[in-house]
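All figures in this text were calculated on a predicted structure; none of them were measured in a lab. Reminder, nothing fancy here: chain letters follow the sequence lines and each chain counts from 1.
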Amino acid sequence: MNHKTHIIADNIISPLGFTSAENFEQLKQMKTGVQRFETSALSSEPVCTAAIDSARLNREFGKLNVTKPYTRLEQLFILSISDAVKQNPAIDLTSPKTLIILSSTKGNIDLLQKAEADKFDKKRLFLWETGNVIADYFKNSNKPLIISNACISGVLAIIMGKRLLEGSEYDTIVVSGADILTHFVVSGFQSFKAVSNEVCKPYDASRDGISLGEACGTMVLTNKQQQQSIIVTGGASSNDANHISGPSRSGDGLILSIEKTLKEANVHPSEIDFISGHGTATLYNDEMEAQAITTTKLQDVPMNSLKSYFGHTLGAAGIIEAIVGIHSMKNNTLIGTYNFKELGVTLPINIIKNTQTATINNCLKTAAGFGGCNAAVLFQKNTESN
Amino acid sequence: MAAPNYITAYAKIRSGKVILNGETGYSANADEPAADFVKAAYKHYELNYPKFYKMDQLCRLAFVCSELLLRANKVTANYATEDIAIIVANNAASLEIDTEHQSTIADADNYFPSPAVFVYTLPNILIGEIAIRNSIKGENTFFIFDTFDPRFMNSYIHSMLNTGRAKCCIAGWVDFYENKYDAFLYTVEQTNNGLGIAHTEEQLNNLYK
């Protein structure tokens, strides 16, 4: 196979901003989007979440002059894809060779609430219908591919994009992932006693659970020749085959994903310059990652988690975190892990405390989720013209 | 030239019937409630897996279908655990149990969200259950389609096998919502270790029907 998978546009919508650049600027200054809300519709108790400002969302969506009603999730998808697509005139969403891949764990699940249910047809609850709504908006004739695979959905969607571009059916793939904050999700993680009372502390000695967030991220991939770009060089998923809600102690599932990814990319562990980790700040997840990173001989590679900025954004997480990694590569800047003070896993992995400059040629993004699933994807600076 | 690949076994559970490699097995009235039928099939085949009772309806359906499929074609005996992929799709994601979780939080005076329910509010948990039961560690992906999509499944699974990302795939469709259920799981391999049906879109269409 001659053609490479190039990333030619991207967008992040989060509490930190409505473009990738706006988000990256806030991250460089280590400003978090997670806030404590004493009262909210999400929880009867005070809760720390990374919530997108609804007034700004309405304002930005209003600029599109859309007459039909769209749900909060659909508005995020539409705004995020619109911003990414306008960055590059070569992207044609109406082309039959362009496919949209959506990643979401819960889609329009807020429509299960009585107050929301009456506003839309019941069909709108189904993720395939979310795909139809988004494709119709952008006048794309291909049925979008929908991935709903817990917290690895976003990374899987990028991997799917790369794989489908190896064939001849498509030349451009728009990968977009989103999940919104809902009472549904917050109450569920609270019932697990998995939510921290403070802004979460990835890999830290005093970490005590996750912060939840909402976001949308879009990455446009193409197999058409480019001058200079970041390319996707490998990716894989795996299963722990151990437990549906707890990660494997040894990290063996994640190890498989990392090993398969490096093999596909033909990259040695010593060539990895940066790892964008999963880092949910639960005791077990972060420890599992430390085991997997050490076993794959990546323990000295600078690594961060962005969960203390964005919260855990479920189906968006893999995509927005990968986009930040790509901007780190382009800007030679590694983002520090907000709220990380003292290493709290049993193996000495190299967590980035403060934002710093570095040259990054290879960036590894990892993810893990309920159902025992794991995934990894590798990005590389492409200096050749092909 | 791409390798041909074979559908080596398949199992279907639908309308009060279990069908294994084309032969009808356990059956009941088509109007038997979905949950009862799946449980009766589990008992009929003596599947003996206590975790079954902890599962939500979607996972129970997937579990029974996958057990029968892998009894008919024990792929775990022939492939390394990391070389077997599980690729499943459905229509309703986990909406059946999502509705149950929502009912536990709708009323502030009767508020009882449960981790045992919430953990099933992701469709890919059924892949996790199959993986745990059979120690399968390969690729896993859950897709959502309005209906079973033989065209996509056929082309993606060919590419998985032909690029070496998997040597064997357990694939198919498992859907359970509002008392409607439909499971169709099959194994795809590069060599003919069973039925030897060519892995094509047409054959998938025929077998699914």
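Of all the listed residues (A:S187, A:G131, A:G253, A:G369), the one sharing the greatest number of non-hydrogen pairs under 4.5 Å with chain B is A:S187. Chain B forms the most heavy-atom pairs under 4.5 Å with one residue out of A:R163, A:H183, A:K193, and that residue is A:R163. When each of B:I125, B:D149, B:V119, B:N140 is scored by its heavy-atom pairs under 4.5 Å with chain A, the top score falls to B:N140. No other option in B:L95, B:D98, B:T121 has as many heavy-atom pairs under 4.5 Å with chain A as B:D98. For the options A:E264, A:H243, A:K114, heavy-atom pairs under 4.5 Å to chain B are most numerous at A:E264. Counting heavy-atom pairs closer than 4.5 Å to chain A, the top-ranked of the candidates B:L122, B:N91, B:I127 is B:N91. Ranked by heavy-atom pairs under 4.5 Å with chain B, the list A:G371, A:G188, A:G107 is led by A:G188.
Between B:K74 and B:E67 there is no salt bridge, since no side-chain nitrogen of the basic residue lies less than 4.0 Å from a carboxylate oxygen of the acidic one. With respect to the salt-bridge test (charged N to carboxylate O, under 4.0 angstrom), the residues A:K162 and A:E166 qualify. Between A:D252 and B:K137 there is a salt bridge, since at least one side-chain N of the basic residue sits less than 4.0 Å from a carboxylate O of the acidic one.
Heavy atoms closer than 4.5 Å to chain A are found in the side chain of B:Y156, but not in its backbone. Contacts of B:T81 with chain A are absent, with no heavy-atom separation under 4.5 Å from either backbone or side chain. In this structure, the portion of A:L145 lying under 4.5 Å from any heavy atom of chain B is its side chain and not its backbone. With a 4.5 angstrom heavy-atom cutoff, A:S238 touches chain B via backbone and side-chain atoms both. Residue B:A106 does not touch chain A at all, counting heavy-atom pairs closer than 4.5 Å. Heavy atoms closer than 4.5 Å to chain A are found in the backbone of B:S114, but not in its side chain. The part of A:Q190 that comes within reach of chain B is its side chain, from C-beta onward, which places non-hydrogen atoms under 4.5 angstrom from that chain.
Using a 3.5 Å distance cut-off with no hydrogens or angles, the side chains of B:T8 and B:T187 do pair a donor with an acceptor.
Looking at A:V175, A:V377, A:I147 one by one, the single match for side-chain contact (heavy atoms from CB on, under 4.5 Å) with A:L156 turns out to be A:I147. Under the side-chain contact (heavy atoms from CB on, under 4.5 Å) test applied with A:P144, the options A:L127, A:I100, A:L99 reduce to a single match, A:I100.
Expressed to the nearest 0.5 Å, how far CG of A:N108 lies from CG of A:D110 amounts to 6.0 Å.
Note that B:R14 lies outside the cation-pi zone of B:Y181, set by a 6.0 Å cut-off to the ring centre and a 45° limit from the axis. Judged by the 6.0 Å and 45° rule, B:R60 forms a cation-pi pair with B:F52.
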